[in-house]
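Here's the structure, in structure tokens; my notes come after.
Remember, it's a predicted structure, so these values are computed and weren't measured experimentally. Side-chain atoms are counted along with the backbone in the values below, which use heavy atoms only and exclude waters and symmetry mates.
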Amino acid sequence: MTETLQITDIPVAGYERVVRGIDPSCGLHAIIAVHDTTLGPALGGLRMWPYASEEEALFDVKRLSRGMTFKSAVAHTGLGGGKAVMIGDPKKIKSEALYLAMGRFIEAVGGKYITAEDVNTSVQDLEIIRRATKHVTGLERKDGGSGNPSPYTAYGVFLGVRAALGWVFGNDSCKGRTVAIQGTGAVGSALAKRLVEAGAKVYGADRNTERLKQLEQEIGLIPTGEAEIMTMKCDVFAPCALGAILHDESIAALNTPIVAGAANNLLLEPRHGKALADRNILYAPDYVINAGGIINVSVEFNPGGYDEKIALGKIERIPQALKELWTIAKEERIPPSDAADRLAERIVADGRGAKKATSCGVPPKGQPRSGG
Ligand code: NAD
């Protein structure tokens, strides 16, 4: 029932478009934030969360969509940044009607926003959304999608961990190195497997003790306490659970020369990038090292469709991107997290400049003026 869906714009400075979608017939209350489409359509996952208020949801969707612009820019996915959130308790409000309404809402944004999986949204939910809009990615391979992104994220993080080892110790081998993984979920467990195969001694902490036990039996992971994982002496601390875990207290207690993991928004505040650098801890900026998943999804836009080889080739550039950032950080005496933000902003600004020049008839750098 399209007519029950009410769409209203929420003007937000610095964002191309932020819209609210409400459909009382099925309890939909959602926000889509299109942060920036300079480099391509805004791709970002759809999160369902029991936000206490629309204000809280708006804060989150703004933060997350901007993060997607930065992540995609540095990973050169050819995509912009966006995100969508649905307000509600997933245990209570999930229904077919709700996802169909969300699909109509996405369709109404006209392809500027493309959705994908995120917290509390499954591939099955995306299948329902797809009945109402074509702007959906991350479906299963059999349905022409790129499938589960987690193994690709884990692969990128694994390569990033090796790059960090090489940077700090002058040798990127995992043999004999100790890695402490916080959160052995989809990404953390795949990362643990790769690290063990490469000869590392892997410690893991997770609230899901069953999963830990299983990994202990399967690959010899050493189950570790939740508090201990963040303070134990190790060569790499790999946070793969929650964001905002790097703050004054936790940074002071770290006993590692490297922090390199999959979780998003690891720094509680931007200044904590400097706090890590002040302790001489090498930080792999989160949205650079964990870009494997978005890179994999972005390959769905290839003219010939999804191709795993292309995805892997692009993911294998993550170590180079990290080394470039660490070099900039060293030369300019800034934290790697600031170097990443600067680089992302520059890539988007260059894209904006090139677009403007093209629309004014000025050829983009290196291209001849048509007819000239
Ligand atoms: P997941 O839900 O499968 O795994 C997270 C794990 O962390 C769970 O097993 C959970 O029990 C555990 N956990 C939660 N709180 C914990 C705590 N305090 N201490 C220890 N363990 C705790 O999620 P995932 O897909 O593996 O993603 C992990 C992180 O990486 C998330 O922050 C996610 O946003 C980020 N990320 C994931 C992808 C991807 O492709 N899945 C891509 C980019 C970033």
Side-chain angles (χ1 to χ4, degrees), residues 12-17 33-45 62-83 111-114 116 137 149 152-153 156-157 159-160 163 260 262 264-267 270 273 283-302 310-360 362-367:
V12 180
Y15 288 72
E16 280 183 26
R17 196 170 177 207
V34 175
H35 175 250
D36 196 292
T37 61
T38 304
L39 302 173
L43 192 144
K62 276 167 39 186
R63 178 180 69 90
L64 293 166
S65 60
R66 183 171 176 273
M68 289 309 296
T69 300
F70 280 31
K71 184 188 282 205
S72 256
V74 176
H76 297 283
T77 61
L79 295 165
K83 202 88 184 178
K112 283 236 164 198
Y113 168 69
I114 297 170
T137 55
Y152 299 91
T153 304
V157 175
L159 296 176
N264 280 310
N265 301 314
L266 279 168
L267 304 175
Y283 177 57
D286 44 19
Y287 63 80
V288 182
I289 192 171
N290 75 13
I294 186 86
I295 291 172
N296 191 55
V297 165
S298 73
V299 175
E300 285 187 26
F301 296 89
N302 235 35
I310 295 178
L312 294 176
K314 289 187 170 189
I315 293 167
E316 282 157 11
R317 291 186 213 147
I318 288 177
Q320 189 52 35
L322 287 170
K323 285 182 215 163
E324 277 166 26
L325 290 176
W326 293 327
T327 305
I328 296 171
K330 197 172 164 188
E331 285 173 2
E332 299 187 17
R333 293 167 187 258
I334 55 172
S337 47
D338 288 0
D341 289 356
R342 277 193 204 176
L343 179 65
E345 279 162 2
R346 203 184 67 215
I347 292 170
V348 175
D350 285 353
R352 204 168 286 137
K355 256 187 169 175
K356 230 184 216 166
T358 313
S359 69
C360 297
V362 179
K365 264 184 223 159
Q367 280 184 31

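- The two atoms that bring G82 and M68 nearest to each other are O-CG, 3.5 Å, heavy atoms only.
- Of all the heavy atoms in N290 and A262, the pair that sits closest is ND2-O, 2.8 Å.
- Going from atom CZ of R317 over to atom CG of L312 covers 12.0 Å, rounded to the nearest 0.5 Å.
- Under the side chain to side chain contact (heavy atoms under 4.5 Å, CB included) criterion, I347 pairs with L39, A73, H76, L343, not counting sequence neighbours.
- Every pair passing side-chain hydrogen bond (donor to acceptor under 3.5 Å, both in side chains) that includes a residue from residues 332-346 is listed here, sequence neighbours excluded: Y287-D341, E332-R342.
- Smallest separation of non-hydrogen atoms from V74 and A340: CG2-O, 4.1 Å.
- Once rounded to the nearest 0.5 Å, the distance linking OG1 of T69 with CZ of R66 reads 8.5 Å.
- The two residues V34 and A42 come nearest to each other via the heavy atoms CG1-CB, 3.9 Å.
- In terms of modelled atom types and a separation under 3.5 Å, the side chain of Y113 and the main chain of G81 share no donor-acceptor contact.
- Residues S72 and L43 fail the side-chain proximity criterion, which asks for heavy atoms closer than 4.5 Å.
- Residue pairs that meet the ring-ring contact (aromatic ring centres under 6.0 Å, His included) test with at least one member in residues 315-351, sequence neighbours left out, are W167-W326.
- Closest approach of L325 and P285 over heavy atoms only: CD1-CG, 4.1 Å.
- Taken from CG in L322 to CG in L159, the straight-line distance is 9.5 Å, to the nearest 0.5 Å.
- Atom NZ of K330 has 12 or fewer heavy atoms from other residues, nucleotides or ligands within 6.0 Å.
- To the nearest 0.5 angstrom, I318 atom CD1 is 7.5 Å from I289 atom CD1.
- Taking R17 as the reference, D9 meet the side-chain hydrogen bond (donor to acceptor under 3.5 Å, both in side chains) condition, with sequence neighbours excluded.
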Quiz: residues 294-301 side-chain donor-acceptor pairs under 3.5 angstrom, not counting sequence neighbours:
unit_1	atom_1	unit_2	atom_2	d
N296	OD1	Y306	OH	2.5
N296	ND2	S146	O	3.3
S298	OG	I295	O	2.7
E300	OE2	G138	N	2.9
E300	OE2	S146	N	2.8
E300	OE2	S146	OG	2.7

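- Contact record, D36 with R352: OD2-NH2, 2.6 Å, taken as the closest heavy-atom pair.
- For D286, there are no salt bridge (charged side-chain N to carboxylate O under 4.0 Å, His left out) partners at least two apart in sequence or on another chain.
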